[in-house]
Amino acid sequence: MPEEQAPEDMQHCERCELCKQRNRIIWGEGNPQSSLMLILDNPGAREDREGNPFLCGTRETLQLGMREAGIDIHSVYVTYLLKRRPTRAYDKPATRAACLPHLQAQLLQKQPLVLFGFGNVVVEGLFPQKEQASVKELRGSWHEFQGIPIGFTYHPLAVRRRPNLLRFFVEDLKGLREKWEERGGRSF
């Protein structure tokens, strides 16, 4: 999937401590005109180092789940809660709060019909006011973020480590496809 360049004014963001870890910003990838936006926690090591988003286990598992659910990989846009890959410990709540405006700017610009988040980091980042919010608690139903329906499932790496989650992962992605089609979305 082609990577979308970060807007000029965001390329050298210093809002959080991740800027000191010397990683580049990964704004998003895939179809920038898609009405379906997938949100992962942060870019992975191999995609950041090599510039190839489909070498990591996250991508392989995500693609597998999407194929099984009947979602064309070319019909989605993938973005991240954190726009840089953390390489060492960092202040998670402060960093998530600093990065959230970037995601909100993307939502305003792209106006997706449906959002879908992967993993507890995304849940916690989007709903910091919910105590003990987790994928386990939120999956299987639809919620709202900035007026847009959002669903959640397990992070692809969790599914990779625990293959018994694959069935739920695919089920959730099928629900995503149905919601997206219900709202007028389509594969390109």
Trainee: Short question: side chain of T61, backbone of R160 - any donor-acceptor pair under 3.5 Å?
Mentor: no
Trainee: Could you walk me through whether L100 and Q104 satisfy the side chain to side chain contact (heavy atoms under 4.5 Å, CB included) test, starting with their C-alpha distance in whole Å, then the side-chain angles of each, then the deciding distance to 0.1 Å, before giving a yes or no?
Mentor: CA-CA 6 Å; L100 188 59; Q104 291 168 322; 3.9 Å; yes
Trainee: Between E124 and K130, is any pair of side-chain heavy atoms under 4.5 Å apart?
Mentor: no
Trainee: Within this structure, what is the CG-OG1 distance for the pair L176 and T153, rounded to the nearest 0.5 Å?
Mentor: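 Between L176 CG and T153 OG1, I get 9.5 Å after rounding to 0.5 Å.
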Trainee: Where is the tightest heavy-atom contact between V170 and A69, given as atom of each residue plus distance?
Mentor: O-CB, 4.1 Å
Trainee: Run the side chain to side chain contact (heavy atoms under 4.5 Å, CB included) check on L82 and D41 step by step: do they pass?
Mentor: CA-CA 6 Å; L82 306 181; D41 49 356; over 6 Å; no
Trainee: When rounded to the nearest 0.5 angstrom, what is the spacing between CG in L107 and CD in Q146?
Mentor: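 So the gap between those two atoms works out to 5.0 Å.
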Trainee: Indicate the atoms forming the closest heavy-atom contact of G30 with P32, along with that distance.
Mentor: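 Taking every non-hydrogen atom into account, O-CD, 3.0 Å.
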Trainee: Any donor-acceptor pair under 3.5 Å linking the side chain of Q111 with the backbone of L108?
Mentor: yes
Trainee: Would you check, one step at a time, whether the test side chain to side chain contact (heavy atoms under 4.5 Å, CB included) holds for L36 with L113?
Mentor: CA-CA 6 Å; L36 176 54; L113 294 175; over 6 Å; no
Trainee: Let me confirm one number: the CG-OG1 distance from N42 to T58, rounded to the nearest 0.5 Å.
Mentor: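 Here the rounded value is 8.5 Å.
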Trainee: Do NZ/NE/NH1/NH2 and the carboxylate oxygens of R167 and E68 come within less than 4.0 Å?
Mentor: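 Result for this pair is no, no salt bridge flagged.
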Trainee: Can you measure from CD (Q106) to OH (Y80) and round to the nearest 0.5 angstrom?
Mentor: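 Spacing of CD (Q106) from OH (Y80) equals 10.5 Å.
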Trainee: Would you mind reporting whether R183 and P149 have side-chain heavy atoms less than 4.5 Å apart?
Mentor: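 Sidechains of R183 and P149: in contact.
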Trainee: Can you find a pair of side-chain heavy atoms, one from W27 and one from H102, that are under 4.5 Å apart?
Mentor: yes
Trainee: So which heavy atom on A133 is nearest to which on V123, and how close?
Mentor: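 Nearest pair, atom of A133 first, then V123: CB-CG1, 3.5 Å.
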Trainee: Could you check if a side-chain atom of I150 sits within less than 4.5 angstrom of a side-chain atom of F127, using non-hydrogen atoms only?
Mentor: yes
Trainee: Between N31 and H74, is any pair of side-chain heavy atoms under 4.5 Å apart?
Mentor: no
Trainee: Using 0.5 Å steps for rounding, measure from the OH atom of Y77 to the CD atom of E29.
Mentor: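 Spacing of OH (Y77) from CD (E29) equals 8.5 Å.
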Trainee: What is the distance from atom OG of S75 to atom CE of M66, rounded to the nearest 0.5 Å?
Mentor: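 Nearest 0.5 Å value for the OG-CE distance: 6.0 Å.
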Trainee: Can you sort out the partners of R177 under salt bridge (Lys or Arg N to Asp or Glu O under 4.0 Å), two or more places apart, ordered by chain and number?
Mentor: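 Testing R177 for salt bridge (Lys or Arg N to Asp or Glu O under 4.0 Å), a comparison that skips the adjacent residues, returns E181.
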Trainee: Just by distance, no angles: are the side chains of W180 and S35 close enough, under 3.5 Å, to form a donor-acceptor pair?
Mentor: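 A pair is found: one side chain offers a donor N or O, the other an acceptor, under 3.5 Å apart.
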Trainee: Are the side chains of I148 and V114 in touch, meaning some heavy atoms are under 4.5 Å apart?
Mentor: no
Trainee: When you compare the side chain of I39 with that of F118, does any pair of heavy atoms fall below 4.5 Å?
Mentor: no
Trainee: Using side-chain contact (heavy atoms from CB on, under 4.5 Å) as the criterion, point out the one residue from N120, V121, L40 that pairs with H155.
Mentor: L40
Trainee: Side-chain contact, heavy-atom cut-off 4.5 Å: V159 with L62?
Mentor: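 The answer is no, as the side chains (C-beta and beyond) never meet within the 4.5 Å cut-off.
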Trainee: Suppose the criterion is salt bridge (Lys or Arg N to Asp or Glu O under 4.0 Å): which pairs have a residue in residues 103-115, not counting sequence neighbours?
Mentor: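 Listed once each, the pairs are E4-K110.
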Trainee: Please, which pairs that meet salt bridge (Lys or Arg N to Asp or Glu O under 4.0 Å) have at least one residue in residues 138-152, sequence neighbours excluded?
Mentor: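 Pairs touching residues 138-152 that pass the test: R139-E171, R139-D172.
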Trainee: Dump the intermediate steps for side chain to side chain contact (heavy atoms under 4.5 Å, CB included) on L115 and W142, then the final yes or no.
Mentor: CA-CA 10 Å; L115 300 171; W142 289 93; over 6 Å; no
